[in-house]
Amino acid sequence: MSTDNTKRAVLKPENMTIYEAMDLQALFSATLADFKQIEVNLSQVVEIDSAGLQLMVALKNDALEQKKKVVFTAHSLEVIELFELFNMTQFFGDPVVL
Amino acid sequence: MSNDLEAAKQGFLSEAGDLLSAMEDALLHLENSPDDMEAINAVFRAAHTIKGTSGVFGFDDVVSFTHVAESLLDKIRDSEITINKEIIEVLLRSGDHMSALVNEVIANDNEVCTALLETSGALILQLNVFMQLTPTEIIINESTENRIETLEGDEQIASNNNWHISLRFGVDVLKQGMDPISFVKYLQQIGRIISLSVLPNKIPSLDNIDPEACYLGFEISFQSECNKEEIEAVFEFVQEDCDIRIVPPHSAINRYIELIQALPEEDELLGELLIKSQVLTRNELQNALSDQQNKSKTGADKSIGEILVDQGVVAQEVVGAAVEKQQQVRTKKNVESRIVRVNSNKLDELINMVGELVIASASASLLANKGNNPELEEASGLVDDLVDSIRNNALSLRMVPIGETFHRFQRVVRDVSGQLRKEISLVITGAETELDKMVVEKIGDPLMHLVRNSLDHGLETPEQRIVAGKDAQGKIHLNAYHDSGSIVIEISDDGKGLNKVLLLEKAIAKGIVDAEQVLSDDDINNLIFHPGFSTVESVSNISGRGVGMDVVKRNILALRGSIDLESTEGEGTVVRIRLPLTLAIIDGFQVGIRDDSYVVPLDMVIECVEYADFNKANDNDKSESNYFNLRGEVLPLVKLKDHFNYSLVENEQNARANIVVVHYAGRKAGLVVDQLMGEFQTVIKPLGKLFSKIRGIGGSTILGSGEVALILDVQQLIQDASEQELKHVS
């Protein structure tokens, strides 16, 4: 599939731990290759660890580099907690809705 | 002002109320166990959150006062100051004052009257005495700028004590089953993370990333009592793979410079982070870096504390604190979201509707039963069941545990016993007993009166108690439990009890009773509920004005409850309040007299028996007998037909009669009725004032058929039965 500039992808990953990291990496990089706008809905994320966080950072960085848009939305409580622990809310710059 | 802001303020008001009452509980707890860190933390949290939220709203007067209390609490938390009775006393008053301030700023739009500001000043003085500060450092009546400066001054000192930890985790950390998250969380347990920055720049792009490797680095500014070894021990398991540098507090700048240069990231980036962690100022960093280049040692002996005086850093600090506070508010909201606050009017409306629903469904099921259509009957039976559970659920929404009301008295008991120089402890049991919210609200004042009475008149001074051979510490016991559809609240003390002789003398002197009248002990005790009765010679400011007990009684009666008092001279007094569980809908038992229906609250019904003696009694001319032999027990009877003055009708003896055995407050009686009609959900409708004189009727309700049934006031009927019994005996 070639890059479609108008299409927008919505991902809704479940847990984002080291156990899912391989799959997530594949999913993220495939999606980033095909879409210009990506929304990652985090509402289903019950478990997240540093591996998951790193992938989020990598996705965000890559998107910035390629001038594509990635937004993380609907942060679950667990994600918010991790962001707060690591002071990362500002890094992603997405509005965190309670 | 926008509605949102107004709503947020109201939210703050109620949150502050909750926090302050938690703080009060914790402080009272600390009085007995001053080492309880959990309680100290609770007090600190309350003060901290109130300060934070007030800051967000811009309530400067609240912030400046709460800040002083918080600083003291912080010192207590860090074990620099040991908490004692005097500190608790002042903190309790500070809590009261915070509550007053918060109410004031919200009611008056951030204006605070001078009287409150004076109290602020006085309390701050006292708080500062504990912190051994000189009066010049006190923040009162100074301009806003000055206030902030002082505030900043304190933050400086805090920053001075920070450790700085630089972490670069090894690539294999995650694969080994360890996660940086847990280390950071553990650090939180052994101290306070002042600031934390993640270094994400080592994370490669998605295509090059090893999803199971760790690329994270952290710069952490950390406050803790631990020594270097203890902090290092946190990272014991990962030490080999990781680059961990720990810089102790009060280090000179060049330690940081070394750190910056030793780590792989660019100098500028790390410098930025250190500024962000408020360890270094931008100027100082630049100077230091250039100094370093010039091989000059001027920066070497400067301590961080001096550097932090720089204005830029201070401004950032204030911003940082604000962010931290917002996060706290958010965390709290997440917890609260499990509870929905509902306007009580909406609940009342719901209950009203459920009441109407009960009546309507009764009427529907009546028609269904007449209609001879089994399917319809079945359907209506199902509806009845559902309505029944809706009713129970709706009513339980209004039920709240009485514990909160009880716990308020901890403070009252503490304060009053201090004033009266008595040693009194409050014991609370049955705090989880639930009752209607409205009843809880209305019971507060009467309870307060009774507790104060016990404190003032019931309990003796320690000396008197020792002479009487009792423990020097008096005891007040608040207890609540459910009993046959009512809730019973007991206020008991182990004090001197009522002096019956004195009571009787007083009553005779005031003309309440005649000198010749013979009164039982109970009657004498209950004289104190008579209007205008007080046995205390001197009126204290706590109680004894003689306006109390009759008002208490009136309030309780207005709630369809009852109050009685038991007292043994020298041993103590028990006041027992009985209240109906709910004021809206009850399970009733419907009985009939001739063509009229009456309802008895089902909870009070024990059993029904046939009035077998009825016809026989007539033959033997014993119809006047007001007793019944219930399996060898004497049961006083209330003949409702006589009680409500039904006129005699011929041929009546053919009718069967039944006895409904009811109990209330431990006494039993039998109600003689014509028919038993079964259970029935009863929506209580109040009777008009016109009928208030009729004895034995508590209210009315509407039957499914649309007819009105009267609800019997069992308490009154039983009382009448026992009175008649007494008359009969004498």
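A, B, ... follow the sequence lines: proteins, then strands. Residue 1 opens every chain. These numbers come from the heavy atoms of this one structure, side chains and all, not from hydrogens, waters or symmetry mates.
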Fill in: Sub-4.5 Å side-chain heavy-atom contact between B/Val198 and A/Asn87
no
Item to complete: Might you work through the side chain to side chain contact (heavy atoms under 4.5 Å, CB included) test for A/Gln54 and B/Cys214, ending with a clear yes or no?
Response: CA-CA 8 Å; A/Gln54 288 182 143; B/Cys214 182; 4.1 Å; yes
Practice prompt. Output all residues satisfying ring pair (Phe, Tyr, Trp, His ring centres under 6.0 Å) with A/Phe86, sequence neighbours left out; order by chain, then residue number.
Written response: B/Phe218
Worksheet, complete the sentence: Max heavy-atom pairs within cutoff under 4.5 Å with chain B, candidates A/Asn61, A/Leu53, A/Leu85, goes to A/Leu85
Worksheet item: Atom OG of A/Ser50 and atom CD1 of B/Ile181: how far apart are they, to the nearest 0.5 Å?
Response: 4.0 Å
Worksheet item: Is chain B contacted by the side chain of A/Leu64, its backbone, both, or neither, given a heavy-atom distance below 4.5 Å?
Response: neither
Practice prompt. Would you mind checking which part of A/Asp49 comes under 4.5 Å of any heavy atom in chain B, side chain (CB onward), backbone (N, CA, C, O), both or neither?
Written response: both
Please report, to 0.1 Å, the donor-acceptor pairs under 3.5 Å made by any side chain of residues 18-26 of chain A, with sequence neighbours excluded.
{"from": "A/Glu20", "atom 1": "OE1", "to": "A/Thr17", "atom 2": "N", "distance (Å)": "2.9"}
{"from": "A/Glu20", "atom 1": "OE1", "to": "A/Thr17", "atom 2": "OG1", "distance (Å)": "2.5"}
{"from": "A/Gln25", "atom 1": "NE2", "to": "B/Leu206", "atom 2": "O", "distance (Å)": "2.8"}
{"from": "A/Gln25", "atom 1": "NE2", "to": "B/Ile209", "atom 2": "O", "distance (Å)": "3.2"}

